[in-house]
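Because the structure is a prediction, the values reported are computed rather than measured.
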Amino acid sequence: MSFGETPVTLIGNLTDEPELKFTEGGAALAKFTIAVTPRTFDRTANTWKDGTTAFYRCAAWRTLAEHVADSLKKGSRVVANGRMRQHDWTNDQGEKRSMLAVEIDDIGASVRFTTVTINARPATNNGTTGGDAWSTNSTAATADTEPPF
């Protein structure tokens with residue numbers, strides 16, 4: 001993260017399926033929106049009340065983008081970390097436009113209200129397939145050895 005960037009953590013739900021595109025240079029880009037609704041407990045009514053929902057436009061790049069598109073669906077509850085970015089442009093009519101969006105650095109499914117099954121892929125390092133350090137199926141992991149952490 002660079003100096004002056006605004007870090008954010010969002011906890012909410014995807015409003016639609018992530019949209020996966022590829023740039024002319026071949027970089028994957030996933031665009032999606034996370035809806036965040038604050039909840040507070042009203043002691044007078046003895047109930048939970050929803051606040052105003054905020055909608056955050058998000059973008060994930062490269063491998064993360066592909067993983068988002070493969071893993072998350074409309075309605076998925078997520079925890080996402082990223083940086084708030086302002087985008088400025090001029091539309092076809094010559095009008096200046098700007099918008100805030102969150103460039104996602106990391107995202108995962110929330111297990112607060114549901115369970116999630118992880119389909120782990122072998123770890124990669126610069127495009128090469130490596131061993132899975134968490135695997136319990138390797139020949140090195142036996143009842144007499146400690147796990148690799």
Side-chain angles (χ1 to χ4, degrees), residues 1-137 147-149:
M1 187 171 307
S2 300
F3 178 75
E5 291 186 316
T6 306
V8 294
T9 299
L10 303 173
I11 302 171
N13 298 78
L14 268 59
T15 62
D16 210 342
E17 301 293 321
E19 179 185 357
L20 182 64
K21 294 182 174 185
F22 292 87
T23 67
E24 289 182 17
L29 168 64
K31 294 182 177 183
F32 52 96
T33 300
I34 299 175
V36 177
T37 306
R39 297 194 85 205
T40 57
F41 188 74
D42 182 342
R43 292 181 190 260
T44 307
N46 200 34
T47 60
W48 287 93
K49 304 265 182 177
D50 286 342
T52 303
T53 301
F55 297 90
Y56 295 91
R57 194 71 184 132
C58 301
W61 288 92
R62 298 171 193 63
T63 304
L64 178 60
E66 295 182 58
H67 290 177
V68 164
D70 288 344
S71 304
L72 302 174
K73 305 294 176 218
K74 177 180 179 177
S76 295
R77 185 163 180 84
V78 297
V79 179
N81 293 307
R83 295 161 279 135
M84 190 68 69
R85 294 280 176 96
Q86 180 167 325
H87 300 278
D88 300 310
W89 72 96
T90 303
N91 68 13
D92 293 338
Q93 292 75 34
E95 301 168 322
K96 293 185 185 249
R97 300 288 185 192
S98 69
M99 68 173 277
L100 290 176
V102 180
E103 188 169 320
I104 300 297
D105 295 319
D106 201 2
I107 188 168
S110 170
V111 294
R112 182 168 188 176
F113 301 114
T114 189
T115 60
V116 174
T117 301
I118 305 291
N119 294 325
R121 296 182 183 161
T124 61
N125 185 7
N126 297 328
T128 60
T129 303
D132 183 358
W134 298 98
S135 175
T136 57
N137 294 330
F149 50 87

Rounded to the nearest 0.5 angstrom, the CG-OG distance for Asn13 and Ser110 is 8.5 Å
With a 4.0 Å cut-off on N to O distance, would you call Asp105 and Arg83 a salt bridge? yes
side-chain contact (heavy atoms from CB on, under 4.5 Å) assessment of Tyr56 paired with Met84:
CA-CA 10 Å; Tyr56 295 91; Met84 190 68 69; 4.3 Å; yes
Within-4.5 Å side-chain heavy-atom neighbours: Phe32 and Glu17: no
Separation between NZ (Lys74) and OG (Ser76), nearest 0.5 Å, reads 11.5 Å
Worksheet item: So, does Asp42 use its side chain to make a donor-acceptor pair with the main chain of Asn46 at under 3.5 Å?
Response: no
Value for CG (Asn81) from CD1 (Ile104), rounded to nearest 0.5 Å, stands at 8.0 Å
Sequence neighbours excluded, the answer for salt bridge (charged side-chain N to carboxylate O under 4.0 Å, His left out) partners of Arg85 is Glu5, Glu103
Report task. Take Val78 and Leu72, measure what side-chain contact (heavy atoms from CB on, under 4.5 Å) needs, and give me the verdict at the end. Result -> CA-CA 9 Å; Val78 297; Leu72 302 174; 3.9 Å; yes
Sorted by chain and number, sequence neighbours left out, salt bridge (charged side-chain N to carboxylate O under 4.0 Å, His left out) with Asp50 holds for Arg39
In this structure, CH2 of Trp61 is separated from CG of Leu29 (nearest 0.5 Å) by 4.5 Å
Pairs under 3.5 angstrom only: tabulate donor-acceptor contacts from the side chains of residues 18-26 to other protein residues two or more places apart or in another chain.
{"unit_1": "Glu19", "atom_1": "OE2", "unit_2": "Lys21", "atom_2": "NZ", "d": "3.2"}
{"unit_1": "Thr23", "atom_1": "OG1", "unit_2": "Gly25", "atom_2": "N", "d": "3.3"}
{"unit_1": "Thr23", "atom_1": "OG1", "unit_2": "Gly26", "atom_2": "N", "d": "3.4"}
{"unit_1": "Thr23", "atom_1": "OG1", "unit_2": "Ala27", "atom_2": "N", "d": "3.0"}

I would like to know whether Leu100 and His87 meet side-chain contact (heavy atoms from CB on, under 4.5 Å); could you show each step before the answer?
CA-CA 6 Å; Leu100 290 176; His87 300 278; over 6 Å; no
The reported gap from CG in Asp88 to CZ in Arg97 (rounded to nearest 0.5 angstrom) is 12.0 Å
Query - Pro38 side chain near Thr53 side chain, heavy-atom distance below 4.5 Å - result: no
On a heavy-atom basis, the closest approach of Ala65 and Ala60 is CB-O, 3.2 Å
dist Ser71:OG -> Leu64:CG (nearest 0.5 Å) comes out at 9.5 Å
Under 4.5 Å between any side-chain heavy atoms of Ile34 and Leu14, yes or no? yes
Query - Criterion side-chain contact (heavy atoms from CB on, under 4.5 Å) on Val79 and Ile107, from CA distance to verdict - result: CA-CA 6 Å; Val79 179; Ile107 188 168; over 6 Å; no
